[in-house]
Amino acid sequence: MSDPYLGLLMLCLIVVVIMLGFPTAFTLMGLGMAFGFFAFYDPSDVWTNNKIFTLMVQRTYGGMTNDTLLSIPLFVLMGYVMERGALVDKMFHSVQLAFRGMPASLAVATLVICTFWGIASGLVGAVVVLMGVIALKPMLNAGYDIRLASGVITAGGTLGILIPPSVMIIVYAAVAGQSVVKLYAAAMLPGFFLALLYLVYVVGWALIDPKIAPKLPPEMLKVPIPASVAFLRDHYSTNFVVATIKAAFAPSPLLNAPEGTRITYGRIIKNLISALFPLVMTVALIAGTWWYVVIHPKAQFDEAQAVLALSKPLPGPTTLAPAKPQEETLVEIGAETTSSSRSSSNSGGGLIALDADPDNADSQKPDVYSPPSNSFYWYFGITSFLTLLLLINYYRKLRDEQFEILKLLVESVMPLGILTVVVLAVILLGITTATESAAIGAAGAFLLAWSSGSFTFERMKQAVFLTTKTTSMVCWLFVGSALFSAVFAILGGQQIIESWVLGMNLSPLQFMLLSQALIFVLGWPLEWTEIIVIFVPIFLPMLSHFNIDPILWGTLVFVNLQAAFLSPPVAMSAFYLKGVAPPHVTLNQIFAGMMPYMFIVIICMAIMYAWPGMALFLPKYLYGGG
């Protein structure tokens with residue numbers, strides 16, 4: 001058998017052995033060592049001098065020196081700390097009350113929490129198990145169809161590996177040698193769009209067949225009103241914003257109220273802050289958007305011009321490369337690595353591309369400043385006006401019951417929401433690297449967990465142990481995949497597959513469909529880790545031939561791999577849920593509930609094929625390139 005066909009045999013064996021249940025990382029290393037020993041075998045030399053041993057060390061060192069991988073244990077630690085901190089229970093209750101008027105309100109609340117919690121933790125197993133414990137029993141007790149209840153938990157739980165910050169995206173970035181932050185930006189819109197499609201499906205199914213999600217009994221829809229809030233309503237105003245403002249300026253009736261209804265002035269101010277929180281966040285979002293789109297680019301351009309004017313004379317119009325995100329230098333797994341270096345900001349504070357040559361003036365020339373188009377001002381103005389109208393209508397109808405729900409949302413969702421937004425914002429805006437952002441997230445998770453009062457030292461030890469276990473698995477996968485890929489290429493397996501694909505004379509669209517279809521089929525027997533580290537590297541070298549953006553292709557892979565958690569027989573989400581589900585919930589019922597979401601994933605991918613801008617818009621806008 002020739003060497004290229006030995007490479008194909010090695011590829012087939014890895015699939016068979018993994019399906020037999022052997023550990024993926026050590027299977028990769030074992031087959032890589034065995035076939036590599038044969039590839040490098042020299043009868044005239046001592047077997048201990050076989051080059052496979054040197055290759056093993058080189059590939060291991062290559063993975064160890066990739067600084068970007070430091071973000072993996074930190075993001076995993078962030079997820080496990082928040083899981084052990086038991087921060088979800090109160091959040092589910094408050095979100096369920098907020099969506100109580102919608103069809104299938106418990107399922108909608110479950111999907112929202114799965115999406116939100118998946119973003120914060122990025123751990124599919126943890127999200128599915130946690131939501132299975134918290135949400136499955138209430139839905140079944142309310143008469144929800146088992147397929148609806150199980151499907152929304154399993155499908156919603158997988159969104160955590162798609163919407164940043166995601167470990168899967170970091171793994172792909174390391175394998176493909178791509179920018180983590182650009183991939184994060186590319187996956188943002190498709191991730192939320194897929195969550196929206198899930199939501200439309202759940203609500204639509206409930207509207208078409210109300211029996212699958214009966215209306216909740218009145219006692220589950222009522223919000224208990226504290227005596228102090230009722231006193232505010234009765235003595236100040238039925239509108240709670242007016243009541244809290246009046247109480248803040250004239251607190252004596254409330255301070256002198258009967259025992260049980262009396263509250264402190266500090267509590268009055270806290271109520272006012274909670275009531276005004278939506279307004280503050282909306283104004284902050286509008287102002288931040290205006291600053292980033294209109295003010296910041298002009299200020300950055302002026303500073304860069306001033307720096308260049310001081311450094312050397314400018315003969316004419318110059319060009320300024322768009323600001324690049326700060327990030328570690330990514331090196332493809334298996335390639336020789338050098339120490340990652342971060343370029344420093346210029347004295348004016350503008351961000352410079354990390355791969356820019358500091359001695360090359362052309363790499364830092366400022367562009368001619370172009371203000372936003374007139375259409376932006378129209379869209380921004382109309383959107384801001386409509387948003388403010390919605391806020392006015394909301395506050396006009398804000399009563400004591402709505403205020404209690406708002407207060408519950410502020411107390412349970414706001415801290416975690418702010419942490420998640422900060423972690424994503426500092427990455428996407430180029431303020432920190434992915435690793436630094438992960439460190440911020442882990443530190444913030446510890447603070448939130450400790451402030452909840454339920455995060456004990458024992459739970460902290462569990463979180464650290466699970467982080468170490470998960471990180472070790474990922475690191476061994478990198479070592480195994482690096483060695484396996486190198487031996488596969490040395491034997492000529494990569495070349496024979498490339499020759500076969502290129503000989504088919506496919507168009508770029510046909511190649512995209514073929515590669516994604518193969519990954520979709522591989523998702524049935526394999527998990528996303530095996531697909532990313534074994535099969536994705538086979539397709540990557542061919543992307544340049546078909547002129548396909550690896551950022552777009554990778555984002556399609558991320559969406560595609562949602563199906564890997566939902567497709568039997570290795571649908572891990574189903575097994576996670578079955579472990580905490582009541583005995584009468586069978587695996588077949590869970591599988592039946594998951595299947596429609598696989599078709600929704602395919603619909604999302606089809607829309608992305610038709611409109612690649614869903615994935616490429618944000619990277620191009622933030623960083624000036626795909």
*When the aromatic ring centroids of F484 and F35 are compared, is their separation below 6.0 Å?*
no
*Is there a donor-acceptor pair under 3.5 Å between the side chain of S515 and the backbone N or O of M512?*
yes
*Taking all atoms of both residues into account, what is the closest heavy-atom pair of G191 and L159, and its distance?*
O-CD2, 4.3 Å
*Does CZ in F465 sit with more than 12 non-hydrogen atoms of other residues, nucleotides or ligands closer than 6.0 Å?*
no
*For L111 against V152, the heavy-atom pair lying closest together*: CB-CG2, 3.8 Å
*asked:* Please report the interatomic distance OG1(T27) to CG(L13), rounded to the nearest 0.5 Å.
replied: 10.5 Å
_From OG (S544) to CG (D549), nearest 0.5 Å_ = 12.0 Å
*K51 atom NZ: more than 12 heavy-atom contacts under 6.0 Å*: no
*Taking side chain as C-beta onward, heavy atoms only, is V464 less than 4.5 Å from V81?*
no
*Would you mind reporting whether I170 and F75 have side-chain heavy atoms less than 4.5 Å apart?*
yes
*Could you tell me whether a side-chain N or O of S481 sits under 3.5 Å from a main-chain N or O of I534, the two making a donor and an acceptor?*
no
*Identify the heavy atoms of V533 and L477 that sit nearest to each other, and give their distance.*
CG2-CD2, 4.3 Å
_Gap separating the OH atom of Y609 from the CE atom of M614, nearest 0.5 angstrom_ = 13.0 Å
*Any idea which heavy atoms bring E498 and P541 closest together, and the distance?*
OE2-CB, 3.4 Å
*Do the side chains of L424 and P164 get nearer than 4.5 Å, heavy atoms only?*
yes
*Quick one: CG on L55 to CZ on F53, what's the gap to the nearest 0.5 Å?*
11.0 Å
*With the side chain counted from C-beta on, respond yes when F546 and Q510 share a heavy-atom pair under 4.5 Å apart, and no when they do not.*
no
*Please report the C-alpha distance between I497 and F539 in whole Å, then the side-chain angles of each, then the deciding distance to 0.1 Å, and finally whether the side chain to side chain contact (heavy atoms under 4.5 Å, CB included) criterion is met.*
CA-CA 9 Å; I497 290 179; F539 293 107; over 6 Å; no
_Which atom of G32 lies closest to which atom of L483, heavy atoms considered_ = C-CD2, 4.2 Å
*Can you name the closest pair of heavy atoms from S150 and G593 and give their distance?*
OG-CA, 4.3 Å
_Working for side chain to side chain contact (heavy atoms under 4.5 Å, CB included), residues I519 and F535_ = CA-CA 8 Å; I519 289 173; F535 294 97; 5.7 Å; no
*Do F575 and V128 pass the side chain to side chain contact (heavy atoms under 4.5 Å, CB included) test, and can you show the C-alpha distance, the side-chain angles, and the key distance before you say yes or no?*
CA-CA 10 Å; F575 295 103; V128 172; over 6 Å; no
*Could you grab the distance from atom NZ of K461 to atom OG1 of T456, nearest 0.5 Å is fine?*
9.5 Å
*In Å and rounded to the nearest 0.5 Å, what is the CG to CD1 distance from L130 to I153?*
10.5 Å
*So, T154 and Y576: side-chain donor and acceptor under 3.5 Å apart, yes or no?*
no
*Audit row: Y198, T115, side chain to side chain donor-acceptor pair (under 3.5 Å) steps and yes/no*: CA-CA 10 Å; Y198 288 168; T115 304; over 6 Å; no
*So do the side chains of M91 and F116 get within less than 4.5 Å of each other, counting heavy atoms only?*
yes
*Is there side-chain contact between Y597 and T158, with heavy atoms separated by less than 4.5 Å?*
no
*Does I161 offer a backbone N or O that forms a donor-acceptor pair with the side chain of S166 under 3.5 Å?*
yes
*Using 30° and 60° as the class limits, which term best fits the ring planes of Y172 and F558: parallel, tilted or perpendicular?*
perpendicular
*Does any non-hydrogen side-chain atom of V501 lie less than 4.5 Å from one of H545?*
no
*Starting from the C-alpha separation in whole Å, work towards a yes-or-no answer on side chain to side chain contact (heavy atoms under 4.5 Å, CB included) for W553 and L540.*
CA-CA 9 Å; W553 189 82; L540 287 172; 4.0 Å; yes
*Determine whether M605 and F520 make a side-chain contact, defined as any pair of heavy atoms from C-beta on separated by less than 4.5 Å.*
no
_Looking at M281, I want to see if its CE is surrounded by more than 12 non-hydrogen atoms of other residues, nucleotides or ligands under 6.0 Å._
no
*T433 backbone acceptor or donor facing E436 side chain under 3.5 Å*: yes
*Side-chain donor/acceptor of T471 to backbone N/O of T468, under 3.5 Å*: no
